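One structure is given here, and the rest of the page talks about it.
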Amino acid sequence: MALLPILRYPDPRLHKVAQPVAQVDARIRQQIADMFETMYDANGVGLAATQVDFHERLIVIDVSQERNQPIVLINPELTWTSEETQINEEGCLSVPGIYDGVERHSAVKVRALDENGTSREIEADGLLAICIQHEMDHLMGKVFVEYLSPLKRGRIKTKLLKQQKQAAQA
């Protein structure tokens, strides 16, 4: 397993639309293992392949306190979303240190393949539903800050670019 570098907003590669995984094989299983290691190391609850510059439809999630309930979603599709929505504070490993309210469906159903290539459907609410929607946005090339006002987004972009410049000089 290996820790993968996480792309930081506003990196243009975060806006690439991921392609479907053609075959669940050893290459994909290695990518899954590396993504879980990377996500756990960064104290995240979800990670989309796009965030580690791997542009295939693959997500890893673990919202458990014990970090022992890994979920793999390959080629995920939302099959149902609740009419009810809620605003929750979200953060992102690609937008470090930034948290803001985003409106999402309160509950969702998602169909995807697991790490063995078996089709499954998951019904989710709460943090898991938010995480699924957030990570699926990444696969479509969308970062959560794009739900915010242009003014907030501009401030976040300026702040993160300044941090990256300072880190490069250190």
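Not measured: the values here are computed from a predicted model. All heavy atoms count here, side chains included; hydrogens, waters and symmetry mates do not.
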Do Ser94 side-chain atoms and Gln51 backbone N/O form a donor-acceptor pair below 3.5 Å? no

Partners meeting ring pair (Phe, Tyr, Trp, His ring centres under 6.0 Å) with Phe36 (sequence neighbours left out): Tyr40

A quick test of your reading: do over 12 heavy atoms of other residues, nucleotides or ligands sit less than 6.0 Å from CZ of Arg153? yes

On a heavy-atom basis, which atom in Leu93 and which in Arg8 lie closest, and how many Å separate them? O-NE, 4.2 Å

Kindly state each residue pair satisfying ring pair (Phe, Tyr, Trp, His ring centres under 6.0 Å) with at least one member in residues 51-110, sequence neighbours excluded. none

Side-chain donor-acceptor pair present, Tyr147, Asp100, cut-off under 3.5 Å: no

Under 3.5 Å, which donor-acceptor pairs link side chains of residues 118-127 to any protein atom two or more places apart or in another chain?
from   : atom 1 : to    : atom 2 : distance (Å)
Glu121 : OE2    : Thr79 : OG1    : 3.0

Side-chain polar contacts of residues 161-170 - donor-acceptor pairs under 3.5 angstrom, sequence neighbours left out - could you list them?
from   : atom 1 : to   : atom 2 : distance (Å)
Gln164 : NE2    : Tyr9 : O      : 3.2

Applied to residues 14-23, the side chain to side chain donor-acceptor pair (under 3.5 Å) test, sequence neighbours excluded, yields His15-Glu146

Could you tell me whether the side chains of Gln30 and Asp34 share a donor-acceptor contact shorter than 3.5 Å? yes

Test applied, side chain to side chain contact (heavy atoms under 4.5 Å, CB included); reference residue, Leu47; option that passes from Ile61, Val60, Asp62: Val60

Closer than 3.5 angstrom, by distance alone: can the side chain of Asp25 be matched with the main-chain N or O of Ile28 as a donor-acceptor pair? yes

Non-neighbouring partners of Asn75 that pass side-chain hydrogen bond (donor to acceptor under 3.5 Å, both in side chains), sequence neighbours left out: none

Should we say atom CD of Glu89 is surrounded by more than 12 heavy atoms from elsewhere, each under 6.0 Å from it? yes

Would the number of heavy atoms belonging to other residues, nucleotides or ligands and lying under 6.0 Å from CZ of Arg27 be above 12? yes

